[in-house]
Engineer: 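Pasting a structure here, questions to come.
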Number of protein chains: 2
Amino acid sequence: MPIDEFPVTATPDVPAAGDRRAVIEGIAPAVDGGRFAVKRVVGDEVDVEADCFADGHDVLACRLRWRRDDEVEWREAPMTALGNDRWRGTFTVAEPGRYRYTVTAWIDHFLSWRHDFPRRADPEDIRVAAQVGAGLIDAAAARAEGDDAARLAAWAQRLRAAAALPALPALRAEALDEGLATIALRYPDRSLATTHPTEFPLVVDRVRARFSTWYEMFPRSCGPEPGVHGTLSDCAARLDYVAQMGFDVLYLPPIHPIGRERRKGPNNALALAPGDVGSPWAIGAAEGGHTALHPALGTLEDFRRLVTGARERGLEVALDIAFQCAPDHPYVREHPQWFRWRPDGTVQYAENPPKKYQDIYPFEFESPQWAGLWAELAGVLRFWLGEGVRIFRVDNPHTKPFPFWEWVIDRVKREHPDVIFLAEAFTRPKVMHRLAKLGFTQSYTYFTWRNTKHDLTAYFTDLTQGPGRDYFRPSCWPNTPDILPEYLQFGGRAAFMARLVLAATLSANYGIYGPAFELQEHEPREPGSEEYLDSEKYQLRAWDLARPDSLAGFIARVNAIRRDNPALQHDRGLAFFPIDNDQLICYAKVDAASENAILVVVNLDPQHTQSGWVTLDLDALGVDAERAFQVHDALTGARFLWSGARNFVELDPTRAPAHVFRIRRRIRTERDFDYFL
Amino acid sequence: MPIDEFPVTATPDVPAAGDRRAVIEGIAPAVDGGRFAVKRVVGDEVDVEADCFADGHDVLACRLRWRRDDEVEWREAPMTALGNDRWRGTFTVAEPGRYRYTVTAWIDHFLSWRHDFPRRADPEDIRVAAQVGAGLIDAAAARAEGDDAARLAAWAQRLRAAAALPALPALRAEALDEGLATIALRYPDRSLATTHPTEFPLVVDRVRARFSTWYEMFPRSCGPEPGVHGTLSDCAARLDYVAQMGFDVLYLPPIHPIGRERRKGPNNALALAPGDVGSPWAIGAAEGGHTALHPALGTLEDFRRLVTGARERGLEVALDIAFQCAPDHPYVREHPQWFRWRPDGTVQYAENPPKKYQDIYPFEFESPQWAGLWAELAGVLRFWLGEGVRIFRVDNPHTKPFPFWEWVIDRVKREHPDVIFLAEAFTRPKVMHRLAKLGFTQSYTYFTWRNTKHDLTAYFTDLTQGPGRDYFRPSCWPNTPDILPEYLQFGGRAAFMARLVLAATLSANYGIYGPAFELQEHEPREPGSEEYLDSEKYQLRAWDLARPDSLAGFIARVNAIRRDNPALQHDRGLAFFPIDNDQLICYAKVDAASENAILVVVNLDPQHTQSGWVTLDLDALGVDAERAFQVHDALTGARFLWSGARNFVELDPTRAPAHVFRIRRRIRTERDFDYFL
């Protein structure tokens, strides 16, 4: 009887799909095996690789499958073999949102047949193989649509006829017809395909998630004269100032009513004087909580005008999300179940014994009522989303549960995929990474404390090449209202310039806290402290923006360079080059697509002129080792003609502590004229 | 009303366990995220690490959970913090079989309380904290068993009483009572514990899986005189010879009836002469198939006697499993549905065009009847298991589907956890790794072709430190019946000695194909070929075991050194040391538990004396850099007194191409006498 009519033996303990021979493993990118999403931005080409293979010598076919989360049907992209059983496919993401991808592979008997056929030598073997091929083509015809079915069936028939004739060359030509093979390959037999069981998640953000330039400013210090509480309107009057420096995100510390109970005085004093304004992070008072505005700042109308005015200048307003309460926040009265109560009938304030933060009540996320708390906090975000805010800088996310953030970020981004969350977690590495994995769009970094060549090289190599590169987007800040680093306390103007150049060129996302930064505010509260003296966190400050020593012009120049050079708008493509002076650091960022290459040299010593020989990787820079090339300092406009890998640099910190060179490569034209790109 | 009586707000879209704040990730060891089993052997301590942390500053508690696959209840081992949020726990596996493990973690409020309490400074704060602690202890009392409940309740009561008194030192002492804390910690509140969802599989083998010494021999060449077909009884007569060389596995090529149809002649000739014995891998003839014995070898009774005789000498018989058929295998007639049929009515033989292997029919694993085929092949294994065989060397597993091997190995090992499968897959790296992942106990390697210092160093560093170290157990073979490497063809006696030392000391599992190896058989079939001339694969060979130049004595010596030194019985603990001559390679293997350290130097140049300076890592060897130490060559008995990291070595290949030094460390006794361990 025919082979396939033999009864199938009952073997109850075999797996369901034991005849699926293709294997797929090692899919990359992947975060924790697909537990968390890979991050990309709109317009990115998403390269996916996988190890695909099967037993024996049969030829494999692989496809990359991908879809938006809200689509049902998979789209497919071809995958090509890279060698060593590695395959790669690519798809392009055009809109923000959640996607997923996986890989499918199968043994393609038609491809195997085509691979083997021209290698056969024995005439009888060739004739039998032609008949095998005709059978495979018939099967493809049965799967084909429209005219293709008839074309394939005719091909199979011709192949069988040719196999019966003596002429082998004609048979070979018929069997290896390219055009018909292309048609047959449209209808592969995927009945025994293997699909990787994991649907790997992908979050696609808008481009600002990858490239952004932040300016942090306290609206209450924007008052027209010293001692007068600034308003959102005063803040709006400074939008031109901020925009002219080239920033695209204006981030405001909390703008809500500030608690009166246990309010802290200037320099974090427990004693309070009349008129002391308190910390904006002690949120909530009789006037309201996280969805209210501080009355001294103005009204929601003022806020809307600020948002609109900013947008007109290419600026986006980012709000501070600090999920904690002052003792007089309305939640304490209305929702006592969201706090932890002590046996003495008081609410547990924030503490890390012996330190006490009596002006701050943390939420009790282990409350039996946690779900209601989550819903309320999501509501806070939804309120500000309703006011057009799309960027949130989240205060201390690492003191609230990870499951909450994963839930709330996902929930917000499903409704508004353009929202950006920046995690302000200056804490242990794995905690910071977890927050990035679970959904934060950008993350603060240790950059603030990385000052030496060794430390900067090791840290940025890890950030750009380590496992976090697919989910952890660094945001580098030379200073924040909480951190005046030692380097800035003692390094003078050159230190501020060097740190700005480092942040702005090492990282596509960076920010400064101003005007403290451009005015080079550098006095600590006390020796050894990283707190600012007379910090804006606790009092109003008046800033003289017109001071002649302001770095505003320098900052504008650096930010213009970032806008003009695609290489500085990505974190990828960073390479450090050796330089024979430990006070000098040299690195390049290259964007292959735009052929844009930036070479940065920074003098890390703010006190002395330093010089040294750098050894470039000319291949990485796309420079012809045989020809001279121009390096054009975008900071100063100076141009140098360099040649070869080793070149001399000298930087005087009193003039400019850094070069930001654009590499201008020579292009050979057809007539052998050279010109500079 | 009391806090916990507030109604829970209905929030349908929150996750089920949002109040579980502990996070567990990065569990190691893990193979492909738990898709495949980690491998260990009986008696091993299984170290498991994980990243465990939570939001905020609360103190975490972690436990390693593990159980045998057939147990329902988890056992638990404590985990301790290593720093950087990494935790480690250990359990010991006493019997072979399948296990699983995972990690559970929770925020321990009692531990947090104990951590914070001594850090509190404010008297009022201390009193309130004492009451908080009393509440936690009451809760522990409610969970406690037996006397502990009463003890804890009394403690809570005393703590509350002490909190009401003025004396703080007494309150502190009461709160921080060590003994009572130990009791309380027995009853943690694990209601909000997080358990990692993956149960990571672990396969525990018997020790021979990790440390084995194989000898491959063709029984049919064991005949008493040249030209006479050897029998299993003749083979049994050579057991003493094999055992005296120190081997513990005797591996026999297939012992089944050999097909007569299309049988190959000597040196793989298509033409056949009368009396040609054919290849043992062309399995099956009228006399039977995979469960039959070749009549010329003897009976099942003879086989059983061989197995028993071997066991009496500390040897185990390993069989060759080659799942393929000669054209006259009974399966072809009885189960045509297990083969692929060609349009001309013949069975598809093995081929890789233009190469044809007409004497071999592969099974068709894509047959609709695949399940029955699987069951039959499992039955073949079960048959030999019934004959007491517990080691299988699997021929070309990479030409049969991966799902089949995963199923059949698991099935066999659930019944017989002591079975060892060696994968003979000399193929692409990812294919070899997949076979190891899915269950093969040991794997052939590329060792056979790794001859230079660079290649050996890179390859064994990857094998012992790369991702495969938890599942890929290398088995290193200087030769096989299929592979006579070039190095042995031209290197003479010294090459055989060097390759033996390398295999035996770099790898805890190794084997040779003899007597070809010890008799230094080195003529290829033709120049450029790795096939033996007059290969035993196709004809009988007579070996003169008594030849004076035999390496049998040398092999016995090397194998004795392996038995005496635990460091050589593991693949871990391998470290390469620099030596300033590329023809010399130097490495150590260290077993910390037994304080056993072996230092090997091999001259890779079989033609010339080579010398050089080695730079040891004395720390890795456990040697005091300030004191001389003895290196004792276990091959020759020579002793050298060395001191410091740099030492001179010279090796004359005509005498001995290798040192296998045992490091004898000085131990300082209480009376400051030194002696050698």
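Below, read A as the first sequence line, B as the second, and so on, with proteins coming before strands; counting in each chain starts at 1.
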Engineer: What part of B:R340 is in contact with chain A, defined as an atom under 4.5 angstrom from a non-hydrogen atom: side chain, backbone, both or neither?
Structural biologist: side chain
Engineer: For chain B, find which of A:R35, A:Q348, A:R127, A:K437 contributes the most heavy-atom pairs closer than 4.5 angstrom.
Structural biologist: A:K437
Engineer: Picking from B:R120, B:K356, B:H398, which has the most non-hydrogen pairs under 4.5 angstrom with chain A?
Structural biologist: B:R120
Engineer: What part of B:A350 gets within 4.5 angstrom of chain A, counting heavy atoms only: side chain, backbone, both, or neither?
Structural biologist: neither
Engineer: Please classify the contact between A:I107 and chain B as side chain, backbone, both or neither, with a heavy-atom cut-off of under 4.5 Å.
Structural biologist: side chain
Engineer: Suppose we call two aromatic rings close when their centres sit under 6.0 Å apart. Are A:F53 and B:F402 close by that rule?
Structural biologist: yes
Engineer: Return the orientation label for the A:F365 and A:F404 ring planes: parallel under 30°, perpendicular over 60°, tilted otherwise.
Structural biologist: tilted
Engineer: Could you give the distance from OG1 (B:T427) to CG (A:D85), rounded to the nearest 0.5 Å?
Structural biologist: 8.0 Å
Engineer: Pick whichever of B:A121, B:G56, B:P362, B:P15 has the most heavy-atom pairs under 4.5 Å with chain A.
Structural biologist: B:P15
Engineer: May I ask you to test the B:W374-B:E376 pair for a side-chain heavy-atom distance under 4.5 Å?
Structural biologist: no
Engineer: Is A:A16 in contact with chain B via its backbone, its side chain, both, or neither, using a 4.5 Å heavy-atom distance?
Structural biologist: backbone
Engineer: Quick check on A:P403 against chain B: is it the side chain, the backbone, both or neither that has a heavy atom closer than 4.5 Å?
Structural biologist: side chain
Engineer: Just by distance, do the side chain of A:E424 and the backbone of A:N396 share a donor-acceptor pair under 3.5 Å?
Structural biologist: yes
Engineer: Check each atom of A:D32 against the heavy atoms of chain B and say whether the ones under 4.5 Å are side chain, backbone, both or neither.
Structural biologist: side chain
Engineer: Heavy-atom distances under 4.5 Å only: say whether B:H57 touches chain A with side chain, backbone, both or neither.
Structural biologist: side chain
Engineer: Is B:D116 in contact with chain A via its backbone, its side chain, both, or neither, using a 4.5 Å heavy-atom distance?
Structural biologist: both
Engineer: May I ask you to check whether B:H109 and A:E366 show a side-chain donor-acceptor distance below 3.5 Å?
Structural biologist: yes
Engineer: In terms of the angle between their ring planes, are A:H335 and A:W338 parallel, tilted or perpendicular, with boundaries placed at 30° and 60°?
Structural biologist: parallel
Engineer: Which region of B:H433, side chain (C-beta onward) or backbone (N, CA, C, O), has a non-hydrogen atom less than 4.5 Å from a non-hydrogen atom of chain A, or is it both or neither?
Structural biologist: neither
Engineer: Determine the option with the most heavy-atom pairs under 4.5 angstrom with chain A, choosing from B:V23, B:L192, B:V132, B:L435.
Structural biologist: B:V23
Engineer: A:G135, A:G18, A:P397, A:G33: which one forms the most heavy-atom pairs within less than 4.5 Å of chain B?
Structural biologist: A:G18
Engineer: Checking heavy atoms, do the side chain of B:K400, its backbone, both or neither come under 4.5 Å from chain A?
Structural biologist: backbone
Engineer: Counting heavy-atom pairs under 4.5 Å to chain B, which of A:Q131, A:E406, A:R20 comes out on top?
Structural biologist: A:Q131
Engineer: Which one of B:R411, B:H115, B:R434 has the most heavy-atom pairs closer than 4.5 Å to chain A?
Structural biologist: B:R434
Engineer: Among A:T346, A:D122, A:D344, A:N352, which has the most heavy-atom pairs under 4.5 Å with chain B?
Structural biologist: A:N352
Engineer: Going from CZ on B:F339 to OG on B:S367, what distance comes out if it is rounded to the nearest 0.5 angstrom?
Structural biologist: 10.0 Å
Engineer: Distance check, rounded to the nearest 0.5 Å: A:F200 atom CZ versus A:I27 atom CD1?
Structural biologist: 4.0 Å
Engineer: Is the closest side-chain heavy-atom distance between B:D13 and A:W407 below 4.5 Å?
Structural biologist: yes
Engineer: For the pair B:W87 (side chain) and B:C52 (backbone), establish whether a donor and an acceptor sit closer than 3.5 Å, ignoring hydrogens and angles.
Structural biologist: yes
Engineer: May I ask you to name which of A:V431, A:N84, A:D58 has the most heavy-atom pairs under 4.5 Å with chain B?
Structural biologist: A:N84
Engineer: Under a 4.0 Å N-O cut-off, is there an ion pair linking A:R86 with A:E49?
Structural biologist: yes
